[in-house]
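The structure appears below as structure tokens.
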2 protein chains.
Amino acid sequence: MNQEHLDHIFGALSDATRRGMLEQLSRGEANVSALASSHEMSQPAISKHLKVLERAGLIRKQRRGREQFVRVNPEAAKAAQAWIDHYSRYWAEQFDAVDAYLQSKKETKQ
Amino acid sequence: MNQEHLDHIFGALSDATRRGMLEQLSRGEANVSALASSHEMSQPAISKHLKVLERAGLIRKQRRGREQFVRVNPEAAKAAQAWIDHYSRYWAEQFDAVDAYLQSKKETKQ
DNA sequence: TTGATTCATAACTAAATGGTTATATGTCAA
DNA sequence: TTGACATATAACCATTTAGTTATGAATCAA
């Protein structure tokens with residue numbers, strides 16, 4: 001997993017409109033117009049958000065006639081998930097260690 | 001969990017320098033100078049990144065004399081983790097559904 | 001074939017981001 | 001008490017982001 005890809009994934013997820021789009025897509029594929037009408041925003045703005053999601057690999061587009069159907073790519077988010085899962089283990093340990101230290105200090109005082 | 005907080009958390013994680021800082025902090029607390037010297041960047045730049053991480057709740061700062069010690073807050077990342085975990089379940093289902101549909105179409109043709 | 005629909009793209013704007021250098025503030029140590 | 005150290009803040013800059021409107025291109029349907 002390279003850093004730039006993680007930048008793109010986390011960056012794509014950092015916007016509520018895009019998260020809303022992913023939520024909508026979790027209930028089924030949608031075309032661009034459907035996405036635009038669900039989110040109070042112009043169609044070009046939605047197309048831009050789709051580019052961001054696509055760059056992150058979070059969605060795939062498929063043209064059928066004049067419509068563009070969009071669906072999620074469940075693989076992509078796994079990189080982000082893995083990153084958080086990996087480090088949260090160490091963060092918890094780190095936190096517990098500080099906790100234990102403060103505890104021992106307190107006990108010494110008594 | 002509110003949307004703005006998720007914006008901040010994912011936004012904070014979308015930068016490789018900040019992820020590097022969190023990685024460093026997973027090995028123990030550090031002061032600002034230590035963080036600055038690990039990442040080839042000026043001290044003010046690091047202070048800015050710390051503000052972003054702090055706004056997201058991912059770190060806590062504690063002043064001891066003239067030094068500012070920084071440690072991770074393992075709770076904050078859980079919101080991001082929960083969001084991804086929640087939706088990735090639906091995304092996988094969605095993906096499988098499309099897959100099954102394409103499969104059935106293929107079988108009908110035969 | 002014409003008109004409507006679907007989407008992409010261009011051009012623009014305001015605000016946010018990520019960096020810099022310079023400087024101010026507070027603390028420690030000699 | 002003075003000088004060095006640790007950090008914060010201000011001012012600035014370039015780039016990116018998130019939106020807009022206007023328009024172009026492809027496709028469908030009457």
Side-chain angles (χ1 to χ4, degrees), chain A residues 2-25 28-72 80, chain B residues 2-25 28-72 80:
Chain A
N2 81 54
Q3 293 299 333
E4 203 181 331
H5 190 195
L6 275 180
D7 286 2
H8 290 334
I9 296 174
F10 283 124
L13 295 177
S14 75
D15 181 277
T17 299
R18 286 191 293 265
R19 287 195 307 277
M21 291 167 71
L22 290 173
E23 176 173 356
Q24 177 173 355
L25 292 171
E29 68 173 8
N31 63 18
V32 178
S33 306
L35 288 163
S37 65
S38 311
H39 302 88
E40 287 174 0
M41 203 166 289
S42 67
Q43 170 264 312
I46 294 294
S47 288
K48 277 197 187 180
H49 282 304
L50 285 173
K51 281 230 165 125
V52 174
L53 289 167
E54 198 174 22
R55 185 180 61 172
L58 289 163
I59 59 156
R60 293 287 161 77
K61 295 197 270 186
Q62 186 189 10
R63 185 169 282 281
R64 296 186 214 139
R66 58 185 159 178
E67 291 173 78
Q68 188 88 256
F69 286 90
V70 181
R71 56 193 180 81
V72 286
Chain B
N2 81 56
Q3 294 298 334
E4 202 181 331
H5 190 194
L6 276 179
D7 286 3
H8 290 334
I9 296 174
F10 283 124
L13 295 177
S14 75
D15 181 276
T17 299
R18 285 191 293 264
R19 286 196 306 277
M21 291 167 71
L22 290 174
E23 176 174 356
Q24 176 173 355
L25 292 171
E29 67 174 8
N31 63 18
V32 178
S33 306
L35 288 163
S37 65
S38 312
H39 301 89
E40 287 175 359
M41 201 165 290
S42 67
Q43 169 262 312
I46 294 293
S47 287
K48 277 196 186 181
H49 282 305
L50 285 174
K51 280 230 166 122
V52 174
L53 289 168
E54 198 175 21
R55 186 180 58 173
L58 289 163
I59 59 156
R60 295 286 162 79
K61 295 196 271 186
Q62 185 189 10
R63 185 169 281 280
R64 296 187 215 138
R66 56 185 161 179
E67 290 173 78
Q68 187 89 254
F69 285 90
V70 181
R71 56 193 180 82
V72 286

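In this text the structure is predicted, and so the values were computed from the model without any measurement. So you know, we letter chains A, B, ... as the sequences are listed, proteins then strands, and number each from 1.
At whole-Å resolution of the value, CZ in A:R63 and C1' in C:dA8 are 8 Å apart. The distance from atom CD of A:Q43 to atom C1' of D:dA25 is 13 Å, rounded to the nearest whole Å. Between B:H39 atom NE2 and C:dG19 atom P there is a gap of 11 Å when expressed in whole angstrom units. If you take CD1 of B:I46 and P of C:dT21, they are 14 Å apart, rounded to a whole angstrom. If you take CZ of B:R64 and P of C:dG26, they are 21 Å apart, rounded to a whole angstrom. Summarising the geometry, the separation between CZ on A:R19 and P on D:dA18 is reported as 11 Å, rounded to the nearest angstrom. Residue A:E67 contributes atom CD, which lies 9 Å from atom C1' of C:dT5 at whole-angstrom precision. Whole-Å rounding puts the B:F10 CZ to D:dT17 C1' distance at 18 Å.
Of the candidate nucleotides D:dA8, D:dG19, C:dG18, D:dG19 has the atom lying nearest to any side-chain atom of A:M41. Distance from the side chain of A:Q68 is smallest for C:dA8 among the nucleotides D:dT7, C:dA8, D:dA10.
Comparing B:K48 and A:P44 against DNA chain D, the residue whose closest nucleotide sits nearer the 5' end is B:K48. Comparing A:S47 and A:R66 against DNA chain C, the residue whose closest nucleotide sits nearer the 5' end is A:R66.
Of all the heavy atoms in A:L25 and A:V70, the pair that sits closest is CD2-O, 3.4 Å. Heavy atoms only, all atoms of each residue included: B:R63 and B:G65 are closest at CG-O, 3.2 Å.
With a 6.0 Å radius and a threshold of 12 heavy atoms from other residues, nucleotides or ligands, B:K51 has its NZ atom at or below the threshold.
As judged by a 4.0 angstrom heavy-atom cut-off over every strand, B:S33 is placed among residues touching the sugar-phosphate backbone only. Here A:R18 lies in heavy-atom contact (under 4.0 Å) with sugar-phosphate atoms only.
A salt bridge links B:R64 with B:E29; the closest basic N to acidic carboxylate O contact falls under 4.0 Å.
At C:dA8, one or more side-chain N or O atoms of A:K61 fall inside 4.0 Å of OP1 or OP2 (strictly under the cut-off). Proximity of B:H49 to the phosphate of C:dG19: a side-chain N or O atom is located under 4.0 Å from OP1 or OP2. Checking the phosphate oxygens (OP1, OP2) of C:dT9, a side-chain nitrogen or oxygen of A:K51 falls inside 4.0 Å. For D:dT20, the OP1/OP2 oxygens have a side-chain nitrogen or oxygen of A:S42 closer than 4.0 Å.
At a cut-off of 3.5 Å, with distance as the only test, a side-chain donor of B:N31 or B:E67 sits close to an acceptor on the other residue.
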